[in-house]
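Written out below as structure tokens is the structure these notes cover.
In what follows, chains carry the letters A, B, and so on, assigned in the order in which the sequence lines appear, proteins first and then strands, with residues in each chain numbered from 1.
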Amino acid sequence: MALEATYNSQTVEKRWYSYWMEHNYFHSEVDEREPYTIVIPPPNVTGVLHMGHMLNNTLQDVLIRRARLKGFNACWVPGTDHASIATEAKVVAKLKSEGINKEDLTREEFLKHAWDWTYKHGGIILDQLKHLGASCDWERTKFTMDDDMSASVIKVFIDLYEKGNIYRGYRMVNWDPEAKTTLSDEEVIHIEKQGNLYYLNYKIEGSNDTLTIATTRPETILGDTAICINPNDERFTHLKGKKAIVPICNRVIPIIEDEYVDVEFGTGCLKVTPAHDENDKVLGDKHGLEVIDILNEDATLNSFGMHYQGKDRFVVRKEITKELEAIGALQKIETHTNKIGTSERTGAVIEPRLSDQWFLKMKELAQPALDAVLEKEVNLVPEKFINTYRHWMENVRDWNISRQLWWGHQIPAYFYGDGKEDFVVAESLEAAVPKAQKKSGNSALTASNLKQDPDALDTWFSSWLWPMSVFNGIMEPDNKEINYYYPTNDLVTAPEILFFWVARMIIAGYEYRGEKPFNNVYLTGIVRDKQRRKMSKSLGNSPDPIELMKQYGADGVRVGMLLSSPAGNDLMFDEDLCKQGSGFVNKIWNAYRLIDGWEISESLEETDTSKIALDWYRAKFQMALAEIEDHYSKYRISDALMATYKLVWDDFCSWLLEMVKPGYQQPISGKTFRSIIEIFEDNLKVLHPFVPFISEELWQHIAKRTPKEALVVSQWPELKPINETLIKEFEFASEVISGIRTIRKQKNISFKETISLHIINNDNATTTFDAVIQKLGNIDVLTYVSEKIEGALTFRVKSNEYFVPIEGAINVEEEIEKLSEELKYTEGFLKSVQGKLKNEKFVSGAPEKVVAMEKQKEADALAKIETLKTSLAGLQ
RNA sequence: GGGCGUUUAGCUCAGUUGGUUCAGAGCACUUGGUUUACACCCAAGGGGUCGGGGGUUCGAAUCCCUCAACGCCCA
């Protein structure tokens, strides 16, 4: 059946994806082969596919498909993440739009809504990945809140608690007043903002004097519990031991001394608000100050805010400034830029807030994970991220793992009293009872006396176990799957989550299996638009991936994504890249259409041209294959693609097919045809990871294949020794062909018009490719001569001279000019080479090989100059 | 403020240990070409003081110093 004239990506994609699924090629079971494993960075369960996922998953699919072809037992585990904050925020918003407040629901009721939401919107993203061609083992699809996954999280929490690594602490945390939860340090984004510095006067108790402090947050004065001065600051000696009066609330507070105060900043007097600033908290602890929290959990003021109670902190800031001014306590306002923390998820300005939270001690746990990367047990690609990783790991801080949310894994701590330590940690309420009885010494305690901590765990506290828990490696540490698939091979993810996720997975891996979770971490860039803006929903600058695939085909988009995405560098995405990708797919399609249309004749002998052309391409293919393998080994995926692209487009289509192509309506020899097909099949194999759909389509078109013979499970071509001589000889021949084409163009000789070519073979060049030169140059007669041909057009390759006699006079002047230019260039070149060779330091200092090469260059140049000079002499 | 990185053609990027005619690729651009697979094509061509300055070396895009611009991470 003849191929359609144009490639229809949609039909083909549907056909082969279902064929692959039907034959279960993506499923992996433990067997005797060597495994090659990737776990997907689980996307948000209710998320939709964006360009970052496209890039990331294309890369993973390329790696896994190649591994499959190389004979590994390839296993790519897909799944999703419950994304605590993001999902809960969405559910809360949805309920609100229906007039329901989260506060009015019980935990169980709320969770039911959240699960409904998850069932409704969940997993869309995984289906979208199928459009891309992702060859995941869908039978293994996991969700971080599946029962077994949750059990793993709880088990690890209990274990770490029992080892003393998890503790409960009253600490200053990052509070997101919008999501009403704490955030880890990593989830806070610091941005520079223009603000003000307010200079406020405080009266000194028992005198008419005042002191002036500078603050960026005047609303927090209501929480002030001290003024601090530097004991070495002579300006304030008179204040020592006195007390100050906070304006508006008229609280009398001590003036304390501490060298912490920067005498240069502001006025040198610092107001201390321990409840609302991390540094002030430290000062407060040191000096035993009172802690006055003036904020509610939504960042409105509480009763300490007096007449501002119930108003938002930013509103209060404006209003209190006016009041301070009215009572004469405001001295001046200066503009001031400072960095403020904002929530990664909601964008809200973070409030430092004191509260009871759960923390994981990191220092000791982090050590093996730091060593693993420094010793290249785990390779970060590109290596430049090692420094960033080291810096973070060496200064790692304890991880706040609790979140004031319901959607997630509820912390398995059960309180039996109001005391800070009146709790036990257990995997269930039932298990908690005996523990609580023991700890409290109260054997009468029952389940009804216990109250589980309402907080949930940070989502990353479940995803850090991902490479282990997807194989049930936490609950059953010795099961055959975890023993076989772990450690996984490659992890493909974004540098943004190097600390959030990657580092913590390595930590967990060493803690729970004594082994790294993966060998290599390939860090991709961020997908940006042409103006270098990060693609985001809010900016609306991201194309819809599904639409993109409809327009350019999944293969086209895959190629487009990979064309310009070196590891770790941002990708400036441009739809033109997909256009180039679909152009490539079109080229492959048409190359096969040409071959497919040939009439085959078994009685025809293989021509010399075809024979040498095929030999050359086989050599060239090996050379490209070696290069491609090298690129893959270094995770230079876009380079591997480009090498494949050039092999297929330039070498196969533009050179080989043109060389073997029979004349119009002429048949091709059966032998040649079979060789071409064999070669084309190898091309399809190396193409497959990049363009799985069209490669499978053509593969299946070439011959009727059994399910076992599908391309997706075929064998990657073997590396064989490269015939470099043949490649070099062809390069020479291709220069001759270029010379002919240039002459044709310059003299307006149509390609259809045959010409003759006379050669003086000064260089002793091989005649192997003469038949090819004749065919591609449309040469009727190719002869070797010893004397130059008068009145012919000429060109030179190395020191060989080529003559094309044509009708009509040659423009002698032009010829002379052309030759003189070549001569001038060559002489200049010779001079520089001889300059080097005359330099004794060069000859003695440079390696022999380099000197020999320079000598060869000298000889070549001398020979060329000789021929140029004779030619010139002949013309003059 | 501390750390890391980047700067090469109009654009996006390669350039390994300092040494082939090393200044490259893809795209874009210019010119010519279409009854014969593909105009999503073929062929030919132009285009760069390798961010600036200084140094080491027989030899520097590559190593060192310095300045500048940009980006990222951390505080």
Rounded distance in Å - CD (A:Glu854) to P (B:G19): 13 Å
Distance in angstrom units between A:Phe584 CZ and B:C27 P, rounded: 11 Å
Please classify the nucleic acid contact of A:Lys661 as base, sugar-phosphate, or nothing, using heavy-atom distances under 4.0 Å. base
Given B:G5, B:C40, B:G26, the nucleotide with the shortest approach to the side chain of A:Asn586: B:C40
Go through RNA chain B and write down every stem, that is, every run of at least three consecutive Watson-Crick or G-U wobble pairs with distances under 3.5 Å, as range with range. B:1-7 with B:68-74, B:10-13 with B:24-27, B:29-33 with B:41-45, B:51-55 with B:63-67
Is there a salt bridge (Lys or Arg N to Asp or Glu O under 4.0 Å) between A:Glu753 and A:Arg744? Walk through the geometry before answering. CA-CA 10 Å; A:Glu753 200 178 316; A:Arg744 280 183 180 277; over 6 Å; no
Rounded P spacing from B:U62 to B:G2 in Å: 27 Å
State which of B:A43, B:C27, B:A14 makes the closest approach to the side chain of A:Lys745. B:A43
How about A:Lys728: does its NZ atom have over 12 heavy atoms from other parts shown lying under 6.0 Å from it? no
When the P atoms of B:G26 and B:C70 are compared, how many Å lie between them, rounded to an integer? 33 Å
Suppose you measure atom P in B:U17 against the same atom in B:U6; what distance do you get, rounded to whole Å? 14 Å
Is the phosphate of B:C42 approached by A:Lys587 (side-chain N or O, under 4.0 Å from OP1 or OP2)? yes
Could you say whether A:Thr6 or A:Ala591 is positioned toward the 5' end of RNA chain B, judged by the nucleotide with the nearest heavy atom to each? A:Ala591
Atom-to-atom span, CD of A:Glu724 to P of B:U20 - whole angstrom: 18 Å
Sticking with atom C1', work out how far B:C29 lies from B:A69, rounded to a whole angstrom. 28 Å
B:U20 to B:C65 separation - P atoms, rounded to the nearest Å: 25 Å
If you compare every side-chain N and O of A:Arg744 against the phosphate oxygens of B:C42 (OP1, OP2), does one of them come in below 4.0 Å? no
Taking B:C67 as the reference, what is the distance to B:C4 when you measure between their P atoms (whole Å, please)? 15 Å
Sequence neighbours left out, what passes side chain to side chain contact (heavy atoms under 4.5 Å, CB included) with A:Ser610? Give chain and number order. A:Glu606, A:Thr607, A:Val660, A:Thr672
Does A:Trp649 place a side-chain N or O at less than 4.0 Å from the phosphate oxygens OP1/OP2 of B:C42? yes
Please report the distance separating the C1' of B:G10 from the corresponding atom of B:G55, rounded so that it comes out in whole Å. 34 Å
Verify the neighbour count for atom CD of A:Glu4: are there more than 12 heavy atoms of other residues, nucleotides or ligands below 6.0 Å? no
Answer yes or no: is there an ion pair linking A:Lys376 with A:Glu383, defined by an N-O contact shorter than 4.0 Å? yes
Residues A:Glu547, A:Lys550: salt bridge by 4.0 Å N-O rule: yes
Starting at the 5' end of RNA chain B, which residue's closest nucleotide do you reach first, A:Ser738 or A:Ala5? A:Ala5
Counting only side-chain nitrogens and oxygens, does A:Tyr645 get under 4.0 Å of the OP1 or OP2 atom of B:C27? yes
If the cut-off is 4.0 Å, is A:Arg397 near the phosphate of B:A75, judged by side-chain N/O to OP1 or OP2? yes
Looking for any heavy atom pair under 4.0 Å, which part of the strands does A:Trp655 touch: base, sugar-phosphate only, or nothing? nothing
Counting just side-chain N and O atoms, does A:Lys646 come under 4.0 Å of either OP1 or OP2 of B:G24? no
Which part of the nucleic acid, if any, lies within reach of A:Ser654 when heavy atoms closer than 4.0 Å are counted: base, sugar-phosphate only, or nothing? sugar-phosphate
Could you measure between the two C1' atoms, the one in B:C22 and the one in B:U35, and give it in whole Å? 45 Å
Using a strict threshold of under 4.0 Å (side-chain N to carboxylate O), is an ion pair present between A:Arg528 and A:Asp570? yes
Roughly, in whole Å, what's the span from CH2 in A:Trp392 to C1' in B:G2? 18 Å
Please name all residues satisfying ring-ring contact (aromatic ring centres under 6.0 Å, His included) with A:Phe680, sequence neighbours left out, ordered by chain then number. A:Tyr592, A:Phe652
Heavy atoms under 4.0 Å, any strand shown: does A:Glu658 hit a base, just sugar-phosphate, or nothing? base
Tell me which nucleotide among B:A14, B:U16, B:C74 gets nearest to the side chain of A:Asp639. B:A14
d(CD1, A:Ile588; C1', B:C38) in whole Å: 12 Å
Closest of B:G5, B:C27, B:G3 to the A:His391 side chain is B:G3
Residues A:Asp630 and A:Lys634 bridged, charged N to O under 4.0 Å: yes
